[in-house]
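In what follows, every chain begins at residue 1, and chains take the letters A, B, ... in the order their sequences are listed. Basis for what follows: all heavy atoms, side chains included, without hydrogens, waters or symmetry-related copies.
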4 protein chains.
Amino acid sequence: MPKIIDHHKRKVRIAEATWKVIVDEGIEQASVRKIAKAAGLSTGSLRHYFSSQSELLRFSMEMVSERVIERAKAREYSEDISPLEFLTEGVYEVLPVNEERKIEMEVWLAFSAKVLVDSTLRELSNKVYSDMHQGLKNVVLALQSLQYAKDGLDLELEANRLHAIVDGMAMHHLLNPEHFTHDEMIQTLKYHLQSLCK
Amino acid sequence: MPKIIDHHKRKVRIAEATWKVIVDEGIEQASVRKIAKAAGLSTGSLRHYFSSQSELLRFSMEMVSERVIERAKAREYSEDISPLEFLTEGVYEVLPVNEERKIEMEVWLAFSAKVLVDSTLRELSNKVYSDMHQGLKNVVLALQSLQYAKDGLDLELEANRLHAIVDGMAMHHLLNPEHFTHDEMIQTLKYHLQSLCK
Amino acid sequence: MPKIIDHHKRKVRIAEATWKVIVDEGIEQASVRKIAKAAGLSTGSLRHYFSSQSELLRFSMEMVSERVIERAKAREYSEDISPLEFLTEGVYEVLPVNEERKIEMEVWLAFSAKVLVDSTLRELSNKVYSDMHQGLKNVVLALQSLQYAKDGLDLELEANRLHAIVDGMAMHHLLNPEHFTHDEMIQTLKYHLQSLCK
Amino acid sequence: MPKIIDHHKRKVRIAEATWKVIVDEGIEQASVRKIAKAAGLSTGSLRHYFSSQSELLRFSMEMVSERVIERAKAREYSEDISPLEFLTEGVYEVLPVNEERKIEMEVWLAFSAKVLVDSTLRELSNKVYSDMHQGLKNVVLALQSLQYAKDGLDLELEANRLHAIVDGMAMHHLLNPEHFTHDEMIQTLKYHLQSLCK
DNA sequence: GATGAATGAGACTTCATTCAT
DNA sequence: TATGAATGAAGTCTCATTCAT
């Protein structure tokens, strides 16, 4: 079914154009026209792929989460680094540590602000919350399995805490990069993970 | 003599109407018309108080931060509660623990998403970041002064961590209240503060 | 296949509607809405052809000058009339001698008043000035070539003078047609040209 | 009646503010608000002096012509210069030879473009046309009285011609000062006047 | 599938004017 | 006389969406 693949590829290309517009000009400026232009299409053509602006937006957001998940899945442990380093770097996947991830997270932040108001987006937001929560809980679990973790940690509360730290730091670095630098972000994460360990 | 009107009071009323619209319909729907209507004014009248939409938005946002600051300043220690409880409740001021604060933070989240794109808002965002950072650092400092805190805490990193936790949890509760409930938020905060103490 | 439309023809039609509005109601009343209505289009449609009001205005003005130039180019000498008559009638092309040219010049006068204030229009104004200056200089040159002209004329100053007379008379006849009639205009032009000749 | 004088003085001050706005931003931007601000008044106060925008505009224009007339009346011949020089300099009064007169004429040009469309302004325009025409006819007459003028000049046609040259040159210098400089304007006028003389 | 012309609503903003004080 | 708050219309421009081709 080559057609379908093309179809999907095209949608992905459009979603990437959408990201670009959102990052450059903000989600409010992400008009159908601008996205079409950024994707090198006519406005009419867009309609063959997305029948409405909401649908386009939702698809673009789903892609953000899919990318993160795929990256996380693709990670494999190599003996070059310590298990703790491996786990720490896993968390980097959801922090704005480089340009690519900054863009993803800016897009996601813009999207999140819309969730409050557009209930059709809620489902996706919830799904991503759950996925990420589970992923970070797994980090804590791994620390415990590896016998790194202190005794007496409350798994659920630690997951909440790590999750909040990660998203809070992401937001702080995106919005106030001068006050909360990339290095502070990394350092704070390491400090936190170490505080969980013996 | 012209009509005597308390200019500032009127501006505050308009800002409150702005909040209402933002919370009900999102910042993108916060048009001059809707705000004017919500404030019981004509669009033209709004211009006596705010010469542009940006100015109106900025004022409304400044009010959010001012309110938080005023509430924080107004707090006084009473012997009914323990010092640790007093500090913990101080942090509640910047968490969406009740309807009033939820509204403030929803407004603030919407605003934050705009900061990424509208650099004129950056200054305010930075100021609020700094204020809040200092406030939360003071909490850690207080724990140390009271001899509650563990030895060897890194003040700056602890402040980063607490700040990230607070904002991360606020976002999680606003966006995913079913998954991250009010009680979890409170419990996680207490858990974190306790983890800093002996 | 999309609707096939002669883009340029449509732009010309819109420009003509613009002229009509300017002549009927003045350049200040030449709003996008009124022009769209006069052209039988919606305001949104106008944007397919002109992305801003300035652009529309500029195009409409360029058309005035293009028409004049085309008319001038199309003129051919026939032996029915004397060379002097031929030259004189050439100058008529830039005088409000009939309804069509009155309209053109009213539009141009309105435009000129804007030039003082909108520097983006300056270029066009300068170009038209130069074209017309050259055209009128050629008239003087022709008189000299034909040996009609008096000896000792200063070509550049004569061009300045003829140019000023032409535009001055055009303005006087447009603004004060009762005081400065069509016939006086023609007569004065002939008088001037004759004064250059032996 | 000191009050009345004050009243009139205030109106003059407002008219001058109107000029300033017209020259700086164009007649289309000459809103009541801006004029009020430029004059240091409230919009409401303006209404005590001018009950409508048209009235204000008309008064401001009348002032232009009054100033020119007063200047012309105030001129007195002194033996330092030749009669021809005296006459020539008289014509300078209605040319944009310095900043002050440039402003007057810019204002007047803006006004003239409105005349085409607002018939209530016609009367003033006609009056000024007549006054100026008479003034320039007097220049030609003076040349004749002084026996400077060539024989056989047609007084009326010469007046038309001079009048057209003056207004045409004024327009050219205002709109295209790079192409038609101050010096060219002066030189062309002198050339023309000399061409009338023996 | 693809195009882009067309639409009309709605965005922000500026305006002249009215009017209570 | 003086003020400036208030209004509602109208300005330009952008938008999502429809639709003929």
- Message: Whole angstroms only, please: what is the NE2-P distance between C:H48 and E:dG4?
- Response: 11 Å
- Between C:E55 (CD) and F:dT14 (P), how many Å, whole number? 11 Å
- Whole-Å distance between E:dA6 P and C:F50 CZ? 13 Å
- Annotated protein contacts, base or backbone, on nucleotides 11-16 of chain E with a non-hydrogen cut-off under 4.0 Å, one of B, S, - each: BBBBBB
- side chain to side chain contact (heavy atoms under 4.5 Å, CB included) evaluation trace for B:V32 with B:R47: CA-CA 10 Å; B:V32 171; B:R47 290 298 144 101; 3.7 Å; yes
- Message: Rounded to whole Å, please give me the gap between CZ in D:R10 and P in F:dA2.
- Response: 5 Å
- Interatomic distance, C:L41 CG vs E:dG4 C1' [rounded to whole Å]: 15 Å
- Query: Nearest-Å distance, NE2 (A:H7) to P (E:dA2)?
  - Reply: 9 Å
- Item | Interatomic distance where NZ belongs to B:K37 and C1' belongs to F:dG8 [whole Å] | 15 Å
- Distance-minimising heavy-atom pair for C:A15 and C:M63: CB-SD, 3.5 Å
- Message: Working note: C:T18 + C:F59, criterion side chain to side chain contact (heavy atoms under 4.5 Å, CB included); need CA distance, chi angles, decisive distance, verdict.
- Response: CA-CA 10 Å; C:T18 305; C:F59 181 86; over 6 Å; no
- Query: Counting only Watson-Crick or G-U wobble pairs whose two distances fall under 3.5 Å, which nucleotide matches E:dA20?
  - Reply: F:dT3
- Query: Can we say B:K114 and A:E28 salt-bridge, meaning some charged N sits less than 4.0 Å from an Asp/Glu carboxylate O?
  - Reply: yes
- Message: Check D:R58 with D:E123, please: is the shortest side-chain N to carboxylate O separation under 4.0 Å?
- Response: no
- Message: Measure CG/A:L46 against P/E:dT3 and give the value in whole Å, please.
- Response: 10 Å
- Is there a donor-acceptor contact under 3.5 Å from the side chain of B:W19 to the main chain of B:E104? no
- Determine whether C:L109 and D:L109 make a side-chain contact, defined as any pair of heavy atoms from C-beta on separated by less than 4.5 Å. yes
- Hey, does the side chain of C:Y49 come within less than 4.0 Å of E:dA6's phosphate (OP1/OP2), counting only N and O? yes
- Item | Sole residue of D:K9, D:R10, D:R67 in salt bridge (charged side-chain N to carboxylate O under 4.0 Å, His left out) with D:E16 | D:R67
- Partners of B:Q29 by side chain to side chain contact (heavy atoms under 4.5 Å, CB included), sequence neighbours excluded? B:E25, B:K34
- What residues in residues 12-27 of chain B put a non-hydrogen atom under 4.0 Å from any atom of DNA chain E? none
- Query: With both distances under 3.5 Å as the test, what is the Watson-Crick or G-U wobble partner of E:dG8?
  - Reply: F:dC15
- Quick one: is F:dT3 close enough that its OP1 or OP2 comes under 4.0 Å of any side-chain N or O from D:S45? yes
